[in-house]
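Since the structure comes first, as structure tokens, the remarks are kept for the end.
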Amino acid sequence: MTMENASVTMSPEIQKLVAEHNMKPEEYGVLLKVLGREPTEAEFGVVAAMWSEHCSYKSTRIWLKTLPTKGPQVLIGPGENAGVIDIGDGQAAVFKMESHNHPSYIEPYQGAATGVGGILRDVFTMGARPIANLNALRFGDVSHPKTRSLIAGVVAGIGGYGNCVGVPTVGGETNFHASYNGNNLVNAMTVGLADANRIFTSQATGVGNAVVYVGSKTGRDGIKGATMASGEFNADAESQRPTVQVGDPFTEKLLIEACLELMQTEAVVAIQDMGAAGLTSSAVEMASKGQLGIELDLDKVPLRETGMSAYEIMLSESQERMLFVLKPGHEQEAEAIFKKWELDYAVIGKLTDTGRIVCLRHGKVEVDIEVDPLVENSPVYDRPHVATPAKPVLDAATFAVPDGETLLTVLKTMLGTPDLCSRRWIWEQYDCHVGHNTAQASGGDAAVVRVDGTQKALAMCIDCTPRYCVADPVMGGKQAVVETYRNICAVGAKPLAVTDNMNFGNPEKPEIMGQFVGACEGMKEACIAIDYPIVSGNCSLYNETNGQPILPVPAIGGVGLMPDVAKAMTIAFKGEGETIFVLGESKGHIGQSLYLREIFGKEEGAPPPVNLTAERRHGKFVRELIQQGGLITACHDVSDGGLLIAVAEMAMVGDVGCKLEAPATDAGFWYGEDQARYVVTTRDPDAFIAKAEAAGIPCLILGLTGGDKIQMGGEAVELNWIREIHESWLPDYMEG
Amino acid sequence: MKAAVVVFPGSNCDRDAARALELATGHKPHMIWHADTELPDLDLILLPGGFSYGDYLRTGAMAAHSPVMREVVARAAKGVRVLGICNGFQILCESGLLPGVLLRNIGLKFVCRSVRLKVENTKTDFTRGFTEGQTVSIPVAHGEGNYFAEPDTIKKIEDNGRVAFRYLDNPNGSMNDIAGFVNEAGNVLGMMPHPERVNEPVHGCTDGAVLFKSLVEAIG
């Protein structure tokens, strides 16, 4: 639907309503045309929510459609609650990532907690048992007065929810940058496991079938959450606290068990969770997918408060609620299961053949709208966009180690910076073991979770480098994809597919829209080149405060599969006398590196170029060697901070030092952030060189493992000392 | 060994515990719903970790009043072994099967990490497979694991050698570094660390498997 010729004159009251719901005046004009009359209050709310950026993807839809979403491994791509991929033996992995940025800034604990709750529901709605959670967090500058309390609240919220529902939180990433001072980012990802032939969707079928509400009662929390999340913040963001939902992980845990139990029966036709825009979007989505109508009697909805209007019931974002369509005759079976789990259960409506959503309250029709213009034919924008100007490629020689410093003194500095210090303070607040299948959690390249009852395992991680994305969105989009690819290969798994979480500023600004378009282009190119389709995703726009946009974050969540969990590789140095190699070319790319930022205070230059052919070849080489077993004893991808940081991390985790004797001694070599590289160790260097040469992959000996220091050029630093620097920064900061 | 795992609303380590018991005994344990009032013939009842009743009111407080707990208390009095892990330990304290309480961690934060424990008492059915004084690594994951009791109670526990496991690096502020201890009769063990999480090679450590094997050896 286009916006042309939709201008309309509005009374001051309507103008106020339109503005309050982040609706555009021309969209109100379209609404009048669709209805052929003035909307009721409830209809206004329903339409504003469905047409919000958050629900409709109106600014991004035309670009998201260009992304590669198909492959032999893809069972269900974007468009459902989560993506589904084939992992063999009749099993499927179900996963998605979603943002809860705006709520987490307004109320960090509940905002982050309900972000986890929402993404869990997206996954178990499909019939999958959630087996792992991950998260990607971006906070403001550490000197900003709010940063500390936001970290504390967000981390406690993620833990509080995930720990209680009993899904292990196994990985993620955290960055800091001043651009997030007024708008932190919380992206949560859930991976679930299902039988491939028992996947459930929201597609409603069967006119007359009962529409059933289960879960928590509906209250007044979170009303207008979707429209709030579709606008920019201003100075009084905190006044929007009532739009943030309140989570109850205990109810979610009951809901998971009850839904999965019901899905074992033959009762379920369709299921949809109530997330953003609550009952509105779940009812409309179900009807739309089934190309049917839906009629709801809002008097039947279990309510937590008295006197709730149709508008409030339809727009409430109370958590832990589900909508089912049941097969006729199975209502009692379903009710018994929900009673056992002490959850509310109510038949609140039925499917119709009218193609309309009709809602009654106190016997009066409060909503009567055609479904099609709400979803399939909702407004779409092709917004103006301008590409980010290219940045110059910097010469590493200009940024030699400063006078009075050495490569190793710089290492000590870098390991104690916010972006490179240990995240232990964060991950120790997350239960990473529950479920008895965690083989590897935070602290490595990718998390590894065994597929219950088998020897197989899924590897998973989230990556994005925002400073690359702002400098060159195309390259940044590519880099985010390939970094997950590398991390999954580095533990020995085959990367299968990804989910994306696009966090950007105001799309009405051409330069921001240009960042989005560029990132999509880069992601598309990378995903095609390495057979790594995008199966689900989420967009969060308007991440700006007082007109200041965030560094863009096209976060990528990757999932891979390995046949034998016992072969999963770790980054830790394993013993003395092993040869350390860097695999891939080190050209000393210094632009946008952490070295440049932390040592020279510069955020400049082009980000490192991504060579997709090299990524594919090197990734395959590494994961196949790991799965064959024996030759590689440790493996770590090279990313933030470059080669020396990667080596130091391997040494610290393994508690084994090393003597580095590579020919190069320049900062570009050791701190450049060239891509497509891995650091590996082996006990048989000759065999490793032969294999790398046969595969046509450059490799270089960096040195030997051993001792309790990192030694280089006659200088040495004690592992204990750098570990103290690395581990203490975040806890010391949080203690303030 | 005839074993059962009790499932409360909000239990989340019930499957993990069942898996550990199955690996140790070769057969699946009974899964007992909290609303059940009758139990089959059993040698071991395991109260698993989790957040029974969402930890509302106090951890373990509501689960201690679940219908099944009356029967668990009765069986414990008859000598049936009862093992409470994490939330199960909290429920044991709330139901009076063990004295004392588990307070908020001293750091006021949830703590998930592997901790080193000293095995203090190898005379119980739960610990006979360990060597006395042995150091084992078993992870904790809790927000309320700070064991507290009256000085007299602590003295009785210590004097009778009832501490089974003691923290070598106390993660939560527990008195006397107590990580787990048995009742006077020695048939009820409560512990905050999760032995079922270090039970297979995939977990990177199998120290917890010794506990389940001990039970099988003791009971048969």
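Chain identifiers are assigned alphabetically (A, B, ...) following the order of the sequence lines, protein sequences preceding nucleic acid strands; residue numbering begins at 1 within each chain. Here the structure is a predicted model, which means the values were calculated and not measured.
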Per-residue contact mode, [X] against chain B (heavy atom under 4.5 angstrom):
| X | answer |
| --- | --- |
| Glu257(A) | side chain |
| Glu342(A) | side chain |
| Val165(A) | backbone |
| Ala439(A) | both |
| Val434(A) | both |

### Task
On the 0 to 90° scale, with breaks at 30° and 60°, tag the Tyr56(B)-Phe250(A) ring pair as parallel, tilted or perpendicular.
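Judged by the thresholds at 30° and 60°, the geometry between Tyr56(B) and Phe250(A) is perpendicular.
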### Message
Below 4.5 Å, heavy-atom pairs only: which of His142(B), Glu196(B), Glu200(B), His194(B) has the largest tally toward chain A?
### Response
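Max contact count across the listed options: Glu200(B).
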### Task
Answer yes or no: are there more than 12 heavy-atom neighbours, outside Lys339(A) itself, under 6.0 Å from its atom NZ?
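Atom NZ in Lys339(A) is not crowded, with 12 or fewer foreign heavy atoms closer than 6.0 Å.
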#### Entry: Greater than 12 external heavy atoms within 6.0 Å of Lys118(B)'s NZ
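Open: at most 12 neighbouring heavy atoms sit under 6.0 Å from NZ of Lys118(B).
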### Query
Taking all atoms of both residues into account, what is the closest heavy-atom pair of His203(B) and His436(A), and its distance?
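In this case the closest contact between His203(B) and His436(A) is NE2-O, 3.0 Å.
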### Pro9(B), part contacting chain A, at a heavy-atom distance under 4.5 Å
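Both backbone and side chain.
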### Query
Between Asp431(A) (side chain) and Cys112(B) (backbone), is there a donor-acceptor pair under 3.5 Å?
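Such a contact is absent between Asp431(A) side chain and Cys112(B) backbone.
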Looking at [options], which has the largest count of heavy-atom pairs under 4.5 Å with chain B?
| options | answer |
| --- | --- |
| Asn163(A), Val155(A), Ile256(A) | Asn163(A) |
| Val565(A), Val448(A), Thr251(A), Asp248(A) | Asp248(A) |
| Gly435(A), Gly160(A), Cys432(A) | Gly435(A) |
| Arg424(A), Lys253(A), Lys340(A), Arg450(A) | Arg450(A) |
| Ala457(A), Cys164(A), Ala152(A) | Cys164(A) |

### Gap between atom CZ of Arg15(B) and atom CG of Asp452(A) - 0.5 Å precision
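These two atoms lie 9.0 Å from each other.
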### Message
Is the shortest side-chain heavy-atom distance between Lys109(B) and Met734(A) below 4.5 Å?
### Response
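Not touching, per the 4.5 Å side-chain cut-off.
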